[in-house]
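Every chain is numbered from 1 and lettered A, B, ... according to where its sequence line falls, protein lines coming before strand lines.
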Number of protein chains: 2
Amino acid sequence: MKLSKNIINCKSCVYRNLLYEMLSSAEYEKVNASRTEIIFGRGELIINEGDEINDFLYLRKGLVKMFKTNSHGKDHILSINKPGDFINLLSIFSKDEQQYSVTALEETHVCSVKLSTIIELLKGNSEFALRVMNRMSYIADEIIQKRFEISQRQVKGRVAYMLRFLSEQIYHRGDFRMPITRRELGELISMTTENTIRTMSEFRKDGIIDMDGKNIQIIDFGRLRKVCEMG
Amino acid sequence: MKLSKNIINCKSCVYRNLLYEMLSSAEYEKVNASRTEIIFGRGELIINEGDEINDFLYLRKGLVKMFKTNSHGKDHILSINKPGDFINLLSIFSKDEQQYSVTALEETHVCSVKLSTIIELLKGNSEFALRVMNRMSYIADEIIQKRFEISQRQVKGRVAYMLRFLSEQIYHRGDFRMPITRRELGELISMTTENTIRTMSEFRKDGIIDMDGKNIQIIDFGRLRKVCEMG
DNA sequence: GAATGCGTATGACATATTTCATAAAATCAA
DNA sequence: TTGATTTTATGAAATATGTCATACGCATTC
């Protein structure tokens, strides 16, 4: 973890329109002044469940997993997050402590703005407040919707669903490098590592995907979709 | 469904502190003027997924289930909600249509305030906006946390978890009348009706609970807790 | 280079869960 | 009240999933 040497001004940030587009120049300056950009290497812990919440965080670059560790020490991944996502927005306004842990899956740049600054802006700019609510609403819906989709499928459908998610929503292409291990994939869709591996092998034998380690290529989109829909 | 004949003023509502405590008298009046209280009988649909969102809704009395119907026509219950809960707060600020359906499990009183009134107040009162964010954050966390707890357990643990939830968080007592059928309980914890029934029969045989139809009495809290914790 | 740990892989077996069949009890509508 | 429908109930068989054992390749460390 280190501070970025190449800090971009929020005004020129591609994610500006997600949140900050309705701020005045003076307000922008407040955000910028209170902001740091931090770089995390692959595997580094960005947020630890239970940490005090002092900052508002969002992803500028990279990929992370958001997870919780249960009382038996087993991790469960709630979601994979990509640039533009706000990685602690859901907890910020009702909890003092982080409710989920977050780890970088690849080199990840996180923008951090003091929570007190954000709250000050919220109080003074209702358009900004409405935008923050919009993002909260959107994020909550996304997570709940995904858990809903996962919970009604069985293993093959779950693996197919996640492969489609990675291909269609993260990488926007049919071939990609898996950002997580098979174990983590299992933690994401609530199944064992062995079954996750087995199911992927089966997809390969059936000609639905091709694999070489972490490199995945989806060959038969139609059948992948069918397996995904059939549960 | 009918309008309440006995409308209470928000100022005297027991749930006032959840949301409205920081409104001025003039603002209160706006809420009151834009508000209707609607009574739904057991089984009546309060919100249908896909409906246009025009109102901000919350439960004053009763019990509801929030659910989604999947592409195969099977319902999945996301949560059981009780008085004081805001039953569409999560979707309100990012979607035009309801994302979930809601049905009354018993006679239920719903307060409905025009969304335009709420937004108007949000724009003029930042303390109110922060409180709404607080509630959104809290609701999202609750749902996600519960799905997390369910997903890491197997059938016995899931049933035990829900019995504890009903006993400890809804009825605050060891004996209660189940507000949902066994099929609905299954829809809530992602398992079949038969297994739900079987598991409850097993709990009875083991002396953990006693049952007579929908009447449930938890006899051995210690063992229920143990089953709940062991997955 | 050997030893270690981790991720991927696969088979065999044990267990969990669903499915299908059937039936009694409870609920609801006419 | 009757008759129809839903809910609760249980068993047996089929299927899905988890567990345990083992192996191999690869990177890291000593």
_Quick check on DNA chain D: between A:Asn195 and B:Glu194, whose nearest nucleotide comes earlier from the 5' end?_
B:Glu194
*Protein-nucleotide distance (B:Gln152, atom CD; D:dG18, atom P), rounded to Å*: 14 Å
_Pair B:Asp206 + B:Arg223, salt bridge at N-O below 4.0 Å_ = no
*Test log, rule side chain to side chain contact (heavy atoms under 4.5 Å, CB included), inputs A:Ile47 and A:Tyr100*: CA-CA 7 Å; A:Ile47 295 176; A:Tyr100 317 104; over 6 Å; no
_Looking at A:Arg198 and A:Glu202, is there a salt bridge between them, counting it only when a charged N and a carboxylate O are closer than 4.0 Å?_
no
*Angle between terminal axes - the helix from C:dG1-D:dC30 to C:dA30-D:dT1, 5 pairs each end, rounded to 10°*: 50°
*Would you say B:Ser34's side chain and B:Val31's backbone share a donor-acceptor pair under 3.5 angstrom?*
no
*Find out whether the Lys NZ or Arg CZ of B:Lys68 is both under 6.0 angstrom from the six-membered ring centre of A:Phe148 and within 45° of the ring's axis.*
yes
*Distance test, side-chain N/O of B:Arg183 to OP1/OP2 of D:dT8, below 4.0 Å*: no
*Grab the CG-P distance between B:Asp75 and D:dT6 for me, whole Å please.*
14 Å
*B:Lys214 side chain N/O closer than 4.0 Å to the phosphate oxygens (OP1, OP2) of D:dT8?*
yes
*May I ask you to decide if the ring planes of B:Tyr171 and B:Phe176 are parallel, tilted or perpendicular, using 30° and 60° as cut-offs?*
parallel
*Figure out the CD/C1' separation between B:Glu184 and D:dT8, and round it to whole Å.*
14 Å
_Rounded interatomic separation in angstrom, taking CG from B:Leu185 and P from D:dA9_ = 12 Å
*Go through DNA chain C in 5' to 3' direction and return only the first and the last nucleotide with some atom under 4.0 Å of chain B's heavy atoms.*
C:dA16 to C:dC20
*State whether A:Tyr138 and A:Arg135 meet the cation-pi test: NZ (Lys) or CZ (Arg) under 6.0 Å from the six-membered ring centroid, and within 45° of the perpendicular axis.*
yes
*Write down the distance between NZ (B:Lys156) and C1' (D:dT17), rounded to a whole number of angstrom.*
15 Å
_In whole Å, I'd like the distance from the CE atom of A:Met211 to the C1' atom of D:dG25._
15 Å
*State plainly whether the residues B:Arg225 and B:Glu229 are in salt-bridge range, i.e. N to O under 4.0 Å.*
no
*Going by modelled atom types, is there a donor-acceptor pair between the base of D:dT19 and the side chain of A:Arg198 at under 3.5 Å?*
yes
_Using whole Å, what does the distance between atom C1' of nucleotide D:dT15 and atom CD of A:Glu202 come to?_
13 Å
*Starting at CD of A:Glu37, measure out to NE2 of A:His109 and round the result to the nearest 0.5 Å.*
6.5 Å
_Without decimals, in angstroms, what is the distance between A:Arg158 CZ and D:dG18 C1'?_
13 Å
